[in-house]
Amino acid sequence: MSVKLVVVGSANMDMVAFAPKLPAPGETVLGTRFEMACGGKGANQAVACARLGADTWFVGRVGVDAFGDMLLRSFREAGVHTDFVRRDAETSSGVALIFVDEKGQNEIVVAPGANGRVSRDDIDNASAVWDNCKALLVQFEIPLSTVGYAIGEASRHGAIVVVNPAPAPREPLPEEWFGLVDVWTPNEREIEGLTGVAVTDMESAEKATKAMLDKGAKAVVLTLGANGSLVATPDFIRHFPAFPVQAVDATAAGDAFAAALTVRLAEGAPLEEAVIFANAAGALACTKVGAQPSMPKREEVEGFLQTQPLPI
Ligand code: RIB
């Protein structure tokens, strides 16, 4: 039977321009092509959770516009429940402008639109989602006050709480969150935003995860791109190498990772096993272009893992 999960977060229409290199400030770069795809960290994670086999409910907002129609269609095609997605007539759907270079690296600017208005009220309207819910997955593309409220509600209902702190917060997080969140999944930039420790190598990566533990974090899974991920809890610290793939677009690899980790934790897997599964999902997401189009299915991740030597 599928585990039930809730994702509270953002949905964006992604406008993606591919170019040989990312532009420096003030520079114009001639690109190679353009694509539009459904995205948004919350929506990507919800689509990924559903493709990975979870009974997934999304709470968020889209505008009353063509992008909102497309975002809702994408949720439904993936099997995500949209009963608690509000259509907001006061603003437009969220949009992300994304540049991808020939190594698959990206730069993203998000215009939040309706995502910026996801409120406590939306969480209260969705109170039915907590029945039998095994886990909540949230990110930071909606107001932090709403994120905090969702964390509190999930924790009160006994759900595992996974926070993907992306994009890096511009203000310190409330201290009480650290006691409520079960697992944090920052990347290098996000953990620097949370701890002030810049990650430049494995030593500084360990220092940054320890700084999160010092703040009261129960478990941190730091994603390091091609260098895999570093897992730190008060009991152990362990590096998991990345699975080698031919990357064409790293957009939403972190979303696939966070979703896969949450699904396996909700299914009762130990943290280390969940991280290996998440590393595989993140690697596969890099092999396809676009955010939601690249979110892998359960059978793809399991099939891929069978071809790889697994860390002992
Ligand atoms: O994590 C990738 C996502 O970040 C993109 O889909 C874009 O919409 C931004 O939210």
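Excluded from the calculations below are hydrogen atoms, water molecules and symmetry mates; all remaining heavy atoms, backbone and side chain alike, are included. Order of appearance sets the numbers: ligands from 1, and atoms from 1 within every ligand.
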Take Phe58 and Phe84 through the ring pair (Phe, Tyr, Trp, His ring centres under 6.0 Å) test and state the conclusion after the steps. CA-CA 7 Å; Phe58 183 75; Phe84 303 114; over 10 Å; no

Donor-acceptor contact present, side-chain His239 to main-chain Asn227, <3.5 Å: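 Present.
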
Look only at the side chain of Ser93 and the backbone of Gly68, and say whether a donor-acceptor pair between them is shorter than 3.5 Å.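 Side chain of Ser93 to backbone of Gly68: a pair is present.
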
Going by heavy atoms in the side chains, are [X] and [Y] under 4.5 Å from each other?
{"X": "Val95", "Y": "Asn12", "answer": "no"}
{"X": "Arg117", "Y": "Thr91", "answer": "yes"}
{"X": "Val7", "Y": "Gln139", "answer": "yes"}

Dump the pairs for me: ligand 1 N or O, protein N or O, distance under 3.5 Å, to 0.1 Å.
residue, atom, partner, partner atom, Å
ligand 1, 1 (O), Lys41, NZ, 2.9
ligand 1, 1 (O), Asp255, OD2, 2.7
ligand 1, 4 (O), Lys41, NZ, 3.1
ligand 1, 6 (O), Asp14, OD1, 3.4
ligand 1, 6 (O), Asp14, OD2, 2.6
ligand 1, 6 (O), Gly40, N, 3.0
ligand 1, 6 (O), Asn44, ND2, 3.0
ligand 1, 8 (O), Asn12, ND2, 3.0
ligand 1, 8 (O), Asp14, OD1, 2.6
ligand 1, 8 (O), Gly40, N, 2.9
ligand 1, 10 (O), Asn12, ND2, 3.1
ligand 1, 10 (O), Lys41, N, 3.4
ligand 1, 10 (O), Glu141, OE1, 3.0
ligand 1, 10 (O), Glu141, OE2, 2.6

